[in-house]
Amino acid sequence: MGAPYTSDLAAAIAPDLLRRFDRYVRIDTQSARDRTQSPSTPGQLDLARLLVHELTEAGVADAALDENGYVTGSVPGSIGNGRAIGLIAHMDTSPDASGAGVEPIVHADYDGGVIELPVGGTRLDPAAMPELVAKRGHDIVTASGDTLLGADDKAGVAEIVAAVAYLAAHPELPRPELRIAFTPDEEIGEGATLFNIERFGAFCAYTIDGSDVGELQDETFSACEAIATIRGVDVHPGHAAGKLVSALRLAAEVVAELPSDRLTPDTTSGREGFIHPYSLQGTAAEAEIRVIVRDFDEERLAEHLELFERTTRSVVGRAPRATVEVAVHRQYRNMHEYLEPVPFITDAAEVAIIAEGVTPVRTPIRGGTDGSRLSEMGLPTPNIFAGGHEFHSVREWASLQDMAAAAATIVRLAEVWTREEWAGAGSVGAGSAQAAQ
Ligand SMILES: [Zn+2]
């Protein structure tokens, strides 16, 4: 049975795409939380240097690695309207599963059954993975069972490089000026931090960092982290009667009093937000609760934060000699606010996906992307599918056919931006790169 490519274009790009993907996933680019430099880990620079080399070989004359570990390059346009379109993917992989010694395996012409990986007893069971059921006949790429694959987001990286190489080899194909960026440390929330939007100089951009074929996203969570620090009164427990106030016990009470049948990650879906305590550390003297708070709506996000703070103060208030401080910091903001005034940017991707013969699926992301912060910083950046699944786990897998569809979508997106309707489409206004400081 022939592999079900979405188009001849996707089939033509697939072999080059797979070779690049295979090279990239073997490099350990796992990022590390609480970084002291950018990128957080040296492996990311190994991939960055390889990408500069491959982009240069593909004809990108200005491919370069900057001082913070960002790879950039540009492709001249076949039209000269002074407007560049950005393509972005992240080079790092999640700290949540090992990224060392990744050995990719291609399960050609997938038969629809359970895929047993050679190491660690890891199994991909279609009964537990509805998305796998739909990929019968595809070439499924996995790791070997004890590492993640790194399709998040090396699928996106390989798709951009393969699309750029294809465009370079086919100078007759229309394209606007393209700007490429590969970011470090996205998985630890820092991908946009040192991104130089002004130097990048794009009118808008697309991250290629979504999952299933057809996904197109212009909405992410708005996200905050809150840290409550409780101070008690520590005394020798043998002489503590009437004196000891345990900060640790108060912290546990706070967590117990937060809603558990609603507003949690495991009881919410779709557009519902949550308060998620993800770390509780402490001693009788001092304890710290860390929660992430998420919602698509700014007002509801503020309500969730208020509920956390009120619960914390009320519990600690019952122990008059204890004190509490609550610090809140914003992590990223729903990109929809910035993309809604410029709908033609997301529409261009939708037209490209349809041109590739794929049905667009527009769903909000229960998470963030580099685009969440880039959009807020002045570079409107929706997110396009990359073809991977079960991210951040040893079960991570990707469909070669869906990855090829993403690469072909990039080639088609380039054409869309040369159409009169888009080449001269409205100014991005307050959200434009020019308006960014
Ligand atoms: Zn990603």
Side-chain angles (χ1 to χ4, degrees), residues 16-57 63-72 88-107 117-122 124 140-162 180-195 207-209 211 367 369-370 386-398 400 403:
D16 177 57
L17 168 61
L18 182 60
R19 282 191 294 272
R20 294 184 195 277
F21 182 67
D22 183 85
R23 284 196 289 274
Y24 307 162
V25 297
R26 289 173 192 273
I27 301 170
D28 180 2
T29 62
Q30 188 180 51
S31 49
R33 295 192 178 92
D34 301 322
R35 71 176 187 179
T36 52
Q37 56 183 16
S38 176
S40 60
T41 51
Q44 297 183 65
L45 292 174
D46 293 339
L47 177 57
R49 283 186 282 263
L50 175 65
L51 291 170
V52 170
H53 173 72
E54 290 197 14
L55 285 171
T56 306
E57 276 199 327
L65 170 60
D66 82 2
E67 65 281 10
N68 297 311
Y70 289 71
V71 173
T72 54
I88 300 172
H90 64 89
M91 295 180 285
D92 65 316
T93 59
S94 166
D96 295 339
S98 171
V102 174
E103 291 278 348
I105 301 171
V106 179
H107 309 263
L117 301 184
V119 186
T122 303
L124 278 65
I140 303 296
V141 190
T142 65
S144 301
D146 56 346
T147 66
L148 46 65
L149 173 62
D152 177 13
D153 185 25
K154 289 166 187 170
V157 174
E159 288 151 13
I160 291 172
V161 180
I180 301 146
F182 299 126
T183 61
D185 288 345
E186 189 268 359
E187 297 288 1
I188 57 166
E190 305 286 3
T193 308
L194 295 166
F195 193 108
T207 48
I208 315 296
D209 193 18
S211 180
T369 63
D370 275 340
H389 298 265
E390 302 277 328
F391 291 163
H392 306 183
S393 85
V394 295
R395 295 173 308 280
E396 189 183 7
W397 60 275
L400 174 59
M403 290 197 290

Interatomic spacing from [atom1] in [X] to [atom2] in [Y] - rounded to 0.5 Å:
{"X": "Gln44", "Y": "His90", "atom1": "CD", "atom2": "NE2", "answer": "10.0 Å"}
{"X": "Thr193", "Y": "Asp370", "atom1": "OG1", "atom2": "CG", "answer": "8.5 Å"}
{"X": "Thr369", "Y": "Ile208", "atom1": "OG1", "atom2": "CD1", "answer": "11.0 Å"}
{"X": "Ile180", "Y": "Ile160", "atom1": "CD1", "atom2": "CD1", "answer": "7.5 Å"}
{"X": "Leu51", "Y": "Arg20", "atom1": "CG", "atom2": "CZ", "answer": "9.5 Å"}

[Y] backbone acceptor or donor facing [X] side chain under 3.5 Å:
{"X": "Ser211", "Y": "Gly388", "value": "yes"}
{"X": "Thr56", "Y": "Ala63", "value": "no"}
{"X": "Thr122", "Y": "Leu117", "value": "no"}
{"X": "Thr41", "Y": "Gln30", "value": "yes"}
{"X": "Lys154", "Y": "Thr93", "value": "no"}
{"X": "Ser31", "Y": "Asp185", "value": "no"}
{"X": "Glu396", "Y": "Gly150", "value": "yes"}
{"X": "Glu187", "Y": "Asp92", "value": "no"}
{"X": "Thr29", "Y": "Met91", "value": "yes"}

If every non-hydrogen atom of [X] is compared with every non-hydrogen atom of [Y], which pair is closest and at what distance?
{"X": "Ser144", "Y": "Glu103", "value": "OG-O, 2.8 Å"}
{"X": "Ala143", "Y": "Ile105", "value": "O-CD1, 3.8 Å"}
{"X": "Val52", "Y": "Ala64", "value": "CG2-C, 3.8 Å"}
{"X": "Ala97", "Y": "Ser393", "value": "CB-CA, 4.2 Å"}
{"X": "Asp152", "Y": "His392", "value": "OD2-NE2, 3.0 Å"}
{"X": "Ala386", "Y": "Asp153", "value": "CB-OD1, 4.2 Å"}

Original post:
Run the side chain to side chain contact (heavy atoms under 4.5 Å, CB included) check on His389 and Leu124 step by step: do they pass?
Top reply: CA-CA 11 Å; His389 298 265; Leu124 278 65; over 6 Å; no
With a 4.5 Å limit on heavy-atom distance, are the side chains of [X] and [Y] in contact?
{"X": "Phe182", "Y": "Leu47", "result": "no"}
{"X": "Val106", "Y": "Leu400", "result": "no"}
{"X": "Pro95", "Y": "Ile188", "result": "yes"}
{"X": "Thr142", "Y": "Leu149", "result": "no"}
{"X": "Ile88", "Y": "Thr183", "result": "yes"}
{"X": "Pro39", "Y": "Leu45", "result": "yes"}

**OP:** Determine, stepwise, if the pair Glu186 / Asp209 fulfils side chain to side chain contact (heavy atoms under 4.5 Å, CB included).
**Re:** CA-CA 11 Å; Glu186 189 268 359; Asp209 193 18; 3.7 Å; yes
**OP:** May I have the step-by-step check of side chain to side chain contact (heavy atoms under 4.5 Å, CB included) for Ser94 and Leu148, ending in yes or no?
**Re:** CA-CA 8 Å; Ser94 166; Leu148 46 65; 4.3 Å; yes
Original post:
Parallel under 30°, tilted from 30 to 60°, perpendicular over 60°: which one fits the rings of Tyr70 and Phe195?
Top reply: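 The rings of Tyr70 and Phe195 stand perpendicular, inter-plane angle above 60°.
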Original post:
With a 4.0 Å cut-off, would you call Arg26 and Asp46 a salt bridge?
Top reply: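 So Arg26 does not pair with Asp46 through a salt bridge.
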Subject >> Check against side chain to side chain contact (heavy atoms under 4.5 Å, CB included), Val102 and Asp28 >> reply: CA-CA 8 Å; Val102 174; Asp28 180 2; over 6 Å; no
